[in-house]
Amino acid sequence: MSASTSGGGSLSPQAAAALQEGIGLVFGRWTALQMAVENEWGGPDSRAKADQLAASILSWFTNSKGPYYYEDLEDMMFDRIYKSLNSNFADGSIREVAEQFFMMHEECLENNFSSIEKLRNTRPQGNVVSQSRQMVTEEDDDSLDDGDEPSMGEDKAARSDDMAVDQPKPSKPTPGADGWTVVHPRRGQGKN
């Protein structure tokens, strides 16, 4: 059996339940998928679409006759993500996730649930999307510790303190030295 195929055979009910749990655990850690769901790239029912993708993957492994081809799983996942979530994960994560599902399926065929157990025991705390954002923020903070000059945004913020502030304009027109009062037009006010 090559690395791109998984053997046939049916999963026991216990193995199918473990594979279902493993798919859910992987989906919960998949940053690109979680971003698509959280930001509703597939519309307000993006969570349901992601759940349907998980059910389709489980069905693909449990209801199809083997051998299973890795490329077929990857193509199916890519197609469903593209169509239902309006997303094209160009980060290579679909391939990585498909490989992980293949490994879990192979283990489940042998009633070996070690990779799923490992995922269960190392469940990350919090939301993967917020953790991803936190990592980006920490990297930005660390960039100044290296002795580098501040980035453009930070430089502008530093210079804004040195800028003169305009005095607020009086709310009522004041008469000039000649006694005339200049009334400025109200742009955009009072138009129907």
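In what follows, every heavy atom counts, from backbone to side chain, and hydrogens, waters and symmetry copies are set aside.
From Leu25, atom CG reaches atom CD of Glu117 across 10.0 Å, with rounding to the nearest 0.5 Å. Atom-to-atom distance recorded for Gln100:CD and Ser93:OG is 11.5 Å, nearest 0.5 angstrom. Glu96 contributes atom CD, which lies 12.0 Å from atom CZ of Phe101 (distance to the nearest 0.5 angstrom). Here the straight-line distance linking atom NZ of Lys49 with atom CZ of Arg80 works out to 12.5 Å at 0.5 Å rounding. Taking CG of Leu73 as the start and CH2 of Trp60 as the end, the distance is 4.5 Å to the nearest 0.5 Å. Residue Ile81 holds its CD1 atom at 9.5 Å from CE of Met76, rounded to the nearest 0.5 Å.
The backbone N or O of Leu119 sits less than 3.5 Å from a side-chain atom of Arg29, completing a donor-acceptor pair. Put simply, the side chain of Ser56 gets close to the backbone of Gln52: a donor and an acceptor are under 3.5 Å apart. With hydrogens and angles ignored, the 3.5 Å screen pairs no side-chain donor or acceptor of Asp79 with any backbone N or O of Asp75.
Using a 4.5 Å cut-off on side-chain heavy atoms (C-beta onward), Phe27 and Ile57 make contact. A 4.5 Å side-chain heavy-atom check between Val26 and Met104 finds at least one atom pair inside the cut-off. In this structure, the side chains of Thr62 and Gln20 stay at 4.5 Å or more apart for every pair of heavy atoms. Side-chain atoms of Leu85 and Leu33, non-hydrogen and from C-beta on, do get closer than 4.5 Å to each other. No side-chain heavy atom of Phe89 sits less than 4.5 Å from a side-chain heavy atom of Tyr82.
Shown here for Cys108 and Ala15, the closest heavy-atom pair between the two residues is O-CB, 3.4 Å. Here the closest non-hydrogen pair linking Leu109 and Ser10 is CD2-O, 4.1 Å. The nearest pair of heavy atoms linking Ile94 to Met77 is CG2-CB, 4.0 Å. When every heavy atom of Ala16 is checked against every heavy atom of Leu58, the shortest pair comes out as O-CD1, 3.8 Å.
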Checklist entry - Hey, mind stepping through Ile116 and Glu107 against side chain to side chain contact (heavy atoms under 4.5 Å, CB included) and telling me if it holds? => result CA-CA 9 Å; Ile116 297 167; Glu107 291 176 359; 5.6 Å; no
Item to check | Candidate pair Arg95 and Tyr70, rule side chain to side chain contact (heavy atoms under 4.5 Å, CB included), full reasoning | outcome: CA-CA 9 Å; Arg95 175 179 296 264; Tyr70 162 78; 2.5 Å; yes
Item to check | Trace of the side chain to side chain contact (heavy atoms under 4.5 Å, CB included) decision for Ser84 with Leu53 | outcome: CA-CA 9 Å; Ser84 65; Leu53 175 61; 5.9 Å; no
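Counting non-hydrogen atoms of other residues, nucleotides and ligands closer than 6.0 Å to CD of Gln14 gives a total of 12 or fewer.
When ring centroids are compared, Phe61 and Phe102 come within the 6.0 Å threshold.
Counting only N and O atoms by type, the side chains of Trp41 and Ser46 include no donor and acceptor under 3.5 Å apart.
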